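Working notes, structure below.
The structure presented is a predicted model; accordingly, all values stated were derived computationally and were not measured.
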Amino acid sequence: MSDPSAASLVSTPRPEQPSEIGAPTDAGLPESAAKEEPRGLLGDAWRDLRRKPLFWISAAFILLFVVMAAFPSLFTSGDPVNGTLSRSRVEPSADAWFGYDVQGRDVYARTIYGARASIMVALLSVIGTVLIGGTMGIIAGYKGGWLDGLLSRFADIFFGLPFVLGAIVILTTFNGAGSDNNEWQIMGLVILSLVVLIWPVVMRLMRSSVLATKEADYILAARALGAGPGRIIVKHLLPNCLAPLLVYATIMVGSFIGAEATLSFLGIGLKTPVVSWGIMISEAQNYIRVSPFLLFFPAAFLVTAVLSFVMLGEAVREALDPKLR
């Protein structure tokens, strides 16, 4: 005989109670969580970035510098090139917030207009470096074999050149004393020197990412389904290898701003008539004791811009790396 008390424990659920077999997968979850769609890597990274004050602070400064470089007339109506010698080294006042330099030019106007050359050189150098180094890194990592060895040895030649020495050789050859290059030619030569000397670093980074990704299951499945090398690289390899390159490129913008200032300070980078923070620092080096404001203001803008890009790169790196969340 069956025990009626035991049978009652396995009874059919009452109509008002939902059956566990037919219950939806999001039962018991908050309404916002139930409606939330799954996110990818970039979606998770953006959600993490929005919670970081460091990201918003650095992004705000970068936006300010970009607007300053694109529309300097919004911030000042002064002349950054022409000056009056009677105002030579006049200290900051209500008429000139940052004072006047040795040639009587408005330091505030020159600082504002100096953002254009510094940021433009850095951004164009990063774009060129990423395009050249990234393309060669993808080809070397995906193809492998003798092509990988050839491209790697070719990159080692440039990688072995000291940055300052290589820049001195390139810029003194094409932009030395007595050259009559205009503003855009001078900037182009500085950009060329930065790209030529830095692209091997990007190539190594991209090559290592491709080598770690090209044997993944989804790559093997795409190859087995008949996908060609172009489709595999564009649709599968590139999106999954961009994270480290994106982080490095963000940090590299700040590094290139500092590199341009270093070259200009040494007298081999940007030159007059170009206005940049590095040129202003170079011109103020002989007047640090008597007129420190000539050095302080462009140096403060330079340091702030470099730190903003570096902090943004660190925030992006932490957001894209799940181990650091």
Side-chain angles (χ1 to χ4, degrees), residues 49 53-83 87 90-129 182-184 186-188 190-191 194 249-265 269-284 292-316:
L49 282 175
L54 187 65
F55 165 75
W56 291 110
I57 294 174
S58 58
F61 275 109
I62 290 173
L63 179 61
L64 175 63
F65 287 124
V66 170
V67 175
M68 188 185 301
F71 309 101
S73 58
L74 295 178
F75 298 86
T76 179
S77 58
D79 189 349
V81 178
N82 302 312
R87 300 180 301 191
V90 174
E91 296 185 353
S93 62
D95 297 330
W97 294 351
F98 294 175
Y100 295 95
D101 66 359
V102 180
Q103 299 183 19
R105 297 170 297 190
D106 190 348
V107 177
Y108 174 73
R110 288 179 62 80
T111 303
I112 296 299
Y113 278 87
R116 171 178 294 177
S118 298
I119 293 180
M120 184 180 296
V121 167
L123 288 177
L124 293 179
S125 300
V126 168
I127 293 174
T129 303
N182 57 33
E183 179 179 353
W184 294 104
I186 296 173
M187 294 175 61
V190 175
I191 293 171
L194 292 174
T250 306
I251 298 176
M252 194 162 49
V253 174
S255 301
F256 279 176
I257 293 176
E260 177 274 318
T262 302
L263 296 177
S264 299
F265 180 81
L270 300 179
K271 298 179 180 180
T272 306
V274 182
V275 181
S276 75
W277 295 328
I279 294 177
M280 296 179 65
I281 294 174
S282 178
E283 293 175 348
F293 63 90
L294 297 178
L295 175 68
F296 174 77
F297 292 110
F301 275 67
L302 174 66
V303 172
T304 304
V306 172
L307 287 179
S308 298
F309 281 101
V310 172
M311 289 190 301
L312 180 65
E314 289 295 325
V316 173

Donor-acceptor contacts under 3.5 Å from residues 303-312 side chains, at least two apart:
| unit_1 | atom_1 | unit_2 | atom_2 | d |
| --- | --- | --- | --- | --- |
| T304 | OG1 | A300 | O | 2.7 |
| S308 | OG | T304 | O | 2.7 |

Closest non-hydrogen contact found for A117 with V274 is CB-CG1, 3.7 Å
Between D101 and L294, the two heavy atoms sitting closest are CA-CD2, 3.4 Å
**OP:** Could you please spell out the steps behind the side chain to side chain contact (heavy atoms under 4.5 Å, CB included) verdict for I119 and M68?
**Re:** CA-CA 10 Å; I119 293 180; M68 188 185 301; over 6 Å; no
request  = Please test F75 against L64 for side chain to side chain contact (heavy atoms under 4.5 Å, CB included), starting from the C-alpha separation and ending with a verdict.
outcome  = CA-CA 11 Å; F75 298 86; L64 175 63; 3.8 Å; yes
Those residues at least two apart in sequence (or on a different chain) that pass salt bridge (charged side-chain N to carboxylate O under 4.0 Å, His left out) with E283 are R105, R110
Contacts satisfying side chain to side chain donor-acceptor pair (under 3.5 Å) that involve residues 249-261 (not counting sequence neighbours) are S118-E260, E260-S264, E260-S276
Nearest heavy-atom contact between A69 and P72 is O-CD, 3.8 Å
So side chain to side chain donor-acceptor pair (under 3.5 Å) across residues 60-77, not counting sequence neighbours, yields none
Heavy-atom closest pair (A96 atom, D106 atom, distance to 0.1 Å) is CB-OD1, 4.2 Å
All heavy atoms of T129 vs all of S125, minimum pair found to be OG1-O, 2.7 Å
In short, ring-ring contact (aromatic ring centres under 6.0 Å, His included) pairs touching residues 91-122 with sequence neighbours left out are W97-Y108, F98-Y108, F98-F297
Sequence neighbours excluded, the answer for side-chain hydrogen bond (donor to acceptor under 3.5 Å, both in side chains) partners of N82 is D79
Distance col, row I112:CD1 vs F301:CZ, nearest 0.5 angstrom, shows 5.0 Å
Exercise for review: Output, in order, the C-alpha distance, side-chain angles, deciding distance and verdict of side chain to side chain contact (heavy atoms under 4.5 Å, CB included) for I251 and E314.
Suggested key: CA-CA 8 Å; I251 298 176; E314 289 295 325; 3.9 Å; yes
Between the CE atom in M252 and the CD1 atom in I127, the distance rounded to the nearest 0.5 Å is 10.0 Å
